[in-house]
Amino acid sequence: MVNTLSSFKLKYPLILSHGLFGFSRLGPLVYFNNIIQPLKLYGIKCEATTVHPTDSIKNRSLDLYKQMNEIMKKYNTDHCHFLAHSMGGLDSRYLISHLDQNQSVLSLTTLSTPHRGSYIAKWSIENITERFYFEKFIKAIGVPFEAIANLTPDYLQTDFNPNVLDQPHVTYYSYGAYKDSISNVFTPLYFFHDILTKKEGKNDGLVSLTSAKWGEQFKVISNCDHRDLINLGWSGYNAFPIYENIIRDLYKLEQEYITNPKLPSSFILNNNNKNINKINKDNEGNSENGNSNLYPNLNDLIKRNTD
């Protein structure tokens, strides 16, 4: 293994956040599989978090906030970065917007997060959880089950996004992924991919590129599904070069921050129409003009995974 990150050790810890039905470790399974340990071997300070797999974004973010403070205490620092997969990006955005009043978070990088919701969440509610009374049963035995409802396009676009605003002291990056088709019939992504393609276009089986776009920089990974991004897919995809490039971006950001730190800014909690329109306009501009080009070694990664 070539130590490609030896010159890119981050000053601040990288906190990884999982998605819906996620975990840090489940028996032999590790959510960010073959990612955390290699990063640590390269000297990168990184820790995975664990929140309730099906609770609401708000409740998950409260747990995430507690763990963030514990991790910063462990590394004796007052700043950190977040790297979040899927729903974890929404948890992280809520944390940054409503909880992190000390402005500890310097950046958020999201991997296939449904920032504008996913039609698959809406479809699942209508065709699975409500039809078979699954949600009522789960709630009846005392298990929180708000997560899927929090991932619908209606909730994200009419409730969440207008009230969870980007903070000016935080740098937001995002990645989206897609496959033209998913051939493995034994994964739900095979079925969901076609449904989502008809509704939202190119997608990774759960989240479309349109929904994944957010922040100052957007990159697209081809021939990669939702599980491939965390090395838990069945295709043999190697996602680690994606994380290498994320580390390089964060290292560059830290150098800029050390040279010219962003001044403390007012917490945007008064979500008036002016602020909402500004954020929406900014994000629309990023979606249209954001950098969707891949780094050279990500092109190499795609080539290796398609050969």
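These numbers were taken from a predicted model, which means no experiment stands behind them.
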> Between Tyr155 and Phe160, how do the two ring planes meet: parallel, tilted or perpendicular, split at 30° and 60°?
Replying inline: tilted
>> Under the rule for salt bridge (Lys or Arg N to Asp or Glu O under 4.0 Å), what residues qualify as partners of Lys9, not counting sequence neighbours?
In response: none
> With the 4.5 Å side-chain cut-off for hydrophobic clustering, are Phe145 and Ile57 part of the same group?
Replying inline: yes
> So Thr171 and Leu106, side chain to side chain contact (heavy atoms under 4.5 Å, CB included) or not? Walk me through it.
Replying inline: CA-CA 6 Å; Thr171 300; Leu106 294 181; over 6 Å; no
>> If you apply the rule side chain to side chain contact (heavy atoms under 4.5 Å, CB included), what do you find for Gln167 with Tyr172, and how did you get there?
In response: CA-CA 9 Å; Gln167 299 297 313; Tyr172 295 82; 4.0 Å; yes
> Do Tyr173 and Ile246 belong to the same hydrophobic cluster, where Ile, Leu, Val, Met, Phe, Trp and Tyr are linked whenever their side-chain heavy atoms lie under 4.5 Å apart, directly or via other members?
Replying inline: yes
>> Contact between Thr49 and Leu16 at the side-chain level, heavy atoms closer than 4.5 Å - yes or no?
In response: no
>> I need the minimum non-hydrogen distance between Phe192 and Leu206, along with the two atoms involved.
In response: CD1-CD2, 3.6 Å
> For Ser24, which residues count as a side-chain hydrogen bond (donor to acceptor under 3.5 Å, both in side chains) partner, sequence neighbours excluded?
Replying inline: none
> Tell me, which pairs form a side-chain hydrogen bond (donor to acceptor under 3.5 Å, both in side chains) where one or both residues lie in residues 224-234, sequence neighbours left out?
Replying inline: Ser86-His226, Ser112-His226, Asp204-His226, Asp228-Ser235
> What residues form a side-chain hydrogen bond (donor to acceptor under 3.5 Å, both in side chains) with Tyr94, not counting sequence neighbours?
Replying inline: none
> At their closest point, which heavy atom of Leu108 faces which heavy atom of Ala84, and how far apart are they?
Replying inline: CD1-CB, 4.3 Å
>> Measuring from atom CG of Asp100 to atom CG of Leu64, what distance do you get when rounded to the nearest 0.5 angstrom?
In response: 10.5 Å
>> With side chain to side chain contact (heavy atoms under 4.5 Å, CB included) as the criterion, how do Ser17 and Leu83 come out once you've worked through the C-alpha distance, each side chain's angles and the decisive distance to 0.1 Å?
In response: CA-CA 6 Å; Ser17 175; Leu83 171 55; over 6 Å; no
> Do you know the tightest heavy-atom contact between Pro53 and Ala147?
Replying inline: O-CB, 4.5 Å
>> For the CH2 atom of Trp123 and the CG atom of Leu196, what is their distance to the nearest 0.5 Å?
In response: 12.0 Å
>> List the residues meeting salt bridge (Lys or Arg N to Asp or Glu O under 4.0 Å) with Lys122, not counting sequence neighbours, and say none if there are none.
In response: Glu126
> Step by step, would you call Asn161 with Arg93 a side chain to side chain donor-acceptor pair (under 3.5 Å)?
Replying inline: CA-CA 10 Å; Asn161 286 340; Arg93 280 179 55 200; 2.9 Å; yes
> Lys74: what forms a salt bridge (Lys or Arg N to Asp or Glu O under 4.0 Å) with it, not counting sequence neighbours?
Replying inline: Glu47
>> With side chain to side chain donor-acceptor pair (under 3.5 Å) as the criterion, how do Asp249 and Gln217 come out once you've worked through the C-alpha distance, each side chain's angles and the decisive distance to 0.1 Å?
In response: CA-CA 10 Å; Asp249 276 346; Gln217 181 174 266; 3.0 Å; yes
> Any side-chain heavy atom of Trp214 sitting closer than 4.5 Å to one from Arg116?
Replying inline: yes
>> Count I, L, V, M, F, W, Y as connected when their side-chain heavy atoms are under 4.5 Å apart, and connections chain through other members. Are Met72 and Ile258 then in the same cluster?
In response: no
>> Test of understanding: with ring pair (Phe, Tyr, Trp, His ring centres under 6.0 Å), list the residues that count as partners of Phe23, not counting sequence neighbours.
In response: Tyr31
> For Gly201 and Asn203, which heavy atoms make the closest approach, and how far apart are they?
Replying inline: O-ND2, 3.0 Å
> Are Leu253 and Leu111 joined in one hydrophobic group, where the rule is that I, L, V, M, F, W and Y side chains link up if heavy atoms are under 4.5 Å apart?
Replying inline: yes
>> Before you tell me yes or no, could you show the steps for Arg60 and Asp91 under salt bridge (charged side-chain N to carboxylate O under 4.0 Å, His left out), namely the whole-Å CA-CA distance, both residues' side-chain angles and the distance that decides it to 0.1 Å?
In response: CA-CA 6 Å; Arg60 284 164 55 107; Asp91 302 334; 2.8 Å; yes
>> side chain to side chain donor-acceptor pair (under 3.5 Å), that's the test. Do His115 and Thr110 meet it? Break it down for me.
In response: CA-CA 9 Å; His115 293 287; Thr110 59; 3.1 Å; yes
> Considering residues at least two apart in sequence or located in another chain, which fulfil the side-chain hydrogen bond (donor to acceptor under 3.5 Å, both in side chains) criterion with Ser211?
Replying inline: none
> Rounded to the nearest 0.5 Å, how far apart are CD of Gln67 and CG of Leu62?
Replying inline: 11.5 Å
>> Quick check for you: to the nearest 0.5 Å, what is the distance between Leu39 atom CG and Leu14 atom CG?
In response: 7.0 Å
>> Can you pull out every salt bridge (charged side-chain N to carboxylate O under 4.0 Å, His left out) where at least one residue sits in residues 191-201? Sequence neighbours excluded, please.
In response: none
> Can you list the steps and then say if Ile96 with Val164 is a side chain to side chain contact (heavy atoms under 4.5 Å, CB included)?
Replying inline: CA-CA 9 Å; Ile96 292 167; Val164 180; over 6 Å; no
> To the nearest 0.5 Å, how far apart are OH in Tyr175 and CG in Leu209?
Replying inline: 14.0 Å
> Do Val30 and Tyr42 belong to the same hydrophobic cluster, where Ile, Leu, Val, Met, Phe, Trp and Tyr are linked whenever their side-chain heavy atoms lie under 4.5 Å apart, directly or via other members?
Replying inline: no
> If you measure from CD1 on Ile15 to CD1 on Ile71, what distance do you get to the nearest 0.5 Å?
Replying inline: 4.0 Å
>> Consider side chain to side chain contact (heavy atoms under 4.5 Å, CB included). Of Ile44, Ile36, Leu5, Ile35, which one does Tyr243 pass it with?
In response: Ile35
> Closest approach of Pro38 and Phe240, non-hydrogen atoms and distance?
Replying inline: CB-CE1, 3.6 Å
Atom pairs and distances, donor-acceptor, side-chain atoms in residues 179-191, under 3.5 Å, two or more places apart:
residue : atom : partner : partner atom : Å
Asp180  : OD1  : Lys202  : NZ           : 3.2
Asn184  : OD1  : Phe186  : N            : 2.9
Thr187  : OG1  : Leu189  : N            : 3.3

> Just wondering, more than 12 heavy atoms not from Lys66 lying within 6.0 Å of its NZ?
Replying inline: no
>> Taking the side chain as everything from C-beta on, heavy atoms only, tell me whether Leu90 gets closer than 4.5 Å to Thr113.
In response: yes
> What residues, two or more places apart in sequence or in another chain, satisfy side-chain hydrogen bond (donor to acceptor under 3.5 Å, both in side chains) together with Ser107?
Replying inline: His81
> Do the ring planes of His85 and Phe32 sit parallel (below 30°), tilted (30 to 60°) or perpendicular (above 60°)?
Replying inline: perpendicular
> What pairs with Tyr12 under ring pair (Phe, Tyr, Trp, His ring centres under 6.0 Å), at least two apart in sequence or on another chain?
Replying inline: His79
> Do the side chains of Pro144 and Asn59 get nearer than 4.5 Å, heavy atoms only?
Replying inline: no
>> For a quick test of reading the model, state the closest non-hydrogen atom pair linking Pro114 to Leu151 and the distance between them.
In response: CG-CD2, 4.0 Å
> Should Ser97 and Asp166 be marked as a side chain to side chain donor-acceptor pair (under 3.5 Å) after you check the CA-CA gap, both sets of side-chain angles, and the distance that decides it?
Replying inline: CA-CA 6 Å; Ser97 181; Asp166 288 359; over 6 Å; no
